[in-house]
Amino acid sequence: MTIFCTIYYILSYVSTVPQIIKLLKTKSSNDYSLGKTALQLVSIISWSLYIFTSKQNIVVYIGTIADLLLLLLIDFLILKYYKFKKIK
């Protein structure tokens, strides 16, 4: 089962890299949904709490930490480059 977990994490990271590259190149994030970003953050934090309160394989711990760090990087870049509209 560890092989499937490893495959999941590798594919998850590979799918995240283009988002990071796009954010760094365009320096714009208004095409990202802040709601979806917030839901992703809540879900990965919930997943992390579950993983670290149960006995798991070391691959799961490392993968979860890497997943959390990548998502936090994306969230940081989205908020950094997001142009908030002024309310009149």
Side-chain angles (χ1 to χ4, degrees):
M1 295 314 275
T2 305
I3 188 71
F4 295 116
C5 185
T6 305
I7 291 169
Y8 163 76
Y9 283 122
I10 290 171
L11 293 177
S12 175
Y13 306 148
V14 168
S15 70
T16 303
V17 171
Q19 289 180 329
I20 294 171
I21 292 170
K22 178 186 176 275
L23 284 165
L24 291 172
K25 268 188 182 178
T26 63
K27 299 199 184 321
S28 172
S29 65
N30 281 41
D31 54 342
Y32 285 86
S33 166
L34 291 181
K36 179 182 180 273
T37 303
L39 284 174
Q40 282 181 314
L41 186 59
V42 169
S43 70
I44 192 70
I45 289 172
S46 298
W47 174 253
S48 299
L49 290 172
Y50 168 73
I51 290 301
F52 288 106
T53 58
S54 62
K55 186 171 170 51
Q56 299 292 331
N57 188 315
I58 189 71
V59 172
V60 177
Y61 292 127
I62 294 169
T64 299
I65 290 169
D67 226 3
L68 181 61
L69 291 175
L70 282 173
L71 186 61
L72 287 172
L73 175 62
I74 290 172
D75 290 347
F76 170 76
L77 291 172
I78 287 173
L79 290 174
K80 179 179 178 182
Y81 296 128
Y82 196 83
K83 306 283 190 276
F84 290 96
K85 296 177 183 174
K86 293 182 181 177
I87 300 174
K88 294 180 181 182

Asks: Could you check if a side-chain atom of Val17 sits within less than 4.5 angstrom of a side-chain atom of Val14, using non-hydrogen atoms only?
Replies: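 A side-chain contact under 4.5 Å is absent here.
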Asks: Any chance you could measure Asp67, atom CG, to Gln40, atom CD, to the nearest 0.5 Å?
Replies: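 With rounding to 0.5 Å, CG (Asp67) is 10.0 Å from CD (Gln40).
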Asks: State whether the number of non-hydrogen atoms from other residues, nucleotides or ligands found under 6.0 Å of Tyr61 atom OH is greater than 12.
Replies: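 Counting neighbours around OH of Tyr61, more than 12 heavy atoms of other residues, nucleotides or ligands fall under 6.0 Å, so yes.
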Asks: Looking at CD1 of Ile78 and OG1 of Thr37, how far apart are the two atoms once the value is rounded to the nearest 0.5 Å?
Replies: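 Here the rounded value is 3.5 Å.
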Asks: Any sub-3.5 Å donor-acceptor pair from Asn30's side-chain atoms to Tyr82's backbone N or O?
Replies: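 Absent.
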Asks: For the pair Ser29 (side chain) and Tyr32 (backbone), establish whether a donor and an acceptor sit closer than 3.5 Å, ignoring hydrogens and angles.
Replies: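 Here the side-chain-to-backbone pair does not exist.
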Asks: What is the ring orientation for Tyr13 with Tyr9, classed by angle as parallel under 30°, tilted 30 to 60°, or perpendicular over 60°?
Replies: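 Rings of Tyr13 and Tyr9: parallel, as their planes differ by under 30°.
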Asks: Val59 and side-chain contact (heavy atoms from CB on, under 4.5 Å): which partner among Thr6, Ile3, Thr64?
Replies: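 Result: among Thr6, Ile3, Thr64, Thr6 is the only option passing the side-chain contact (heavy atoms from CB on, under 4.5 Å) with Val59.
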Asks: Tell me whether Leu71 shares a hydrophobic cluster with Val42, the cluster being built from Ile, Leu, Val, Met, Phe, Trp, Tyr side chains joined at under 4.5 Å.
Replies: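 No, separate clusters.
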Asks: To the nearest 0.5 angstrom, please state how far the NZ atom of Lys22 sits from the NZ atom of Lys27.
Replies: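 So the gap between those two atoms works out to 12.5 Å.
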Asks: Please check if Ile10 and Leu69 belong to a single hydrophobic cluster, counting links between Ile, Leu, Val, Met, Phe, Trp and Tyr side chain heavy atoms closer than 4.5 Å.
Replies: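 Each belongs to a different hydrophobic cluster.
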Asks: Just by distance, do the side chain of Ser12 and the backbone of Tyr8 share a donor-acceptor pair under 3.5 Å?
Replies: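 No, because the side chain of Ser12 does not come within donor-acceptor range (under 3.5 Å) of the backbone of Tyr8.
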Asks: Could you tell me the separation between the CD1 atom of Ile20 and the CD1 atom of Ile74, rounded to the nearest 0.5 Å?
Replies: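 Rounded to the nearest 0.5 Å, the CD1-CD1 separation comes out at 4.5 Å.
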Asks: Working to the nearest 0.5 Å, report the span between CG of Leu34 and CG of Leu39.
Replies: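 Going from CG on Leu34 over to CG on Leu39, the span is 11.0 Å.
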Asks: Kindly give the heavy-atom pair with the smallest separation between Leu24 and Tyr81, and that separation in Å.
Replies: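 Closest pair (atom of Leu24, atom of Tyr81, distance): CD2-OH, 4.3 Å.
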Asks: Is there a path from Leu49 to Leu72 through hydrophobic residues (I, L, V, M, F, W, Y) whose side chains come within less than 4.5 Å of each other?
Replies: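 The answer is yes; both residues are in one hydrophobic cluster.
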Asks: Could you give the distance from CD (Gln56) to CD1 (Ile51), rounded to the nearest 0.5 Å?
Replies: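 One finds 4.0 Å between CD of Gln56 and CD1 of Ile51.
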Asks: Taking only Lys NZ, Arg NE, NH1 and NH2, and the carboxylate oxygens of Asp or Glu, determine whether Asp75 and Lys80 approach each other closer than 4.0 Å.
Replies: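 No, no charged N to carboxylate O under 4.0 Å.
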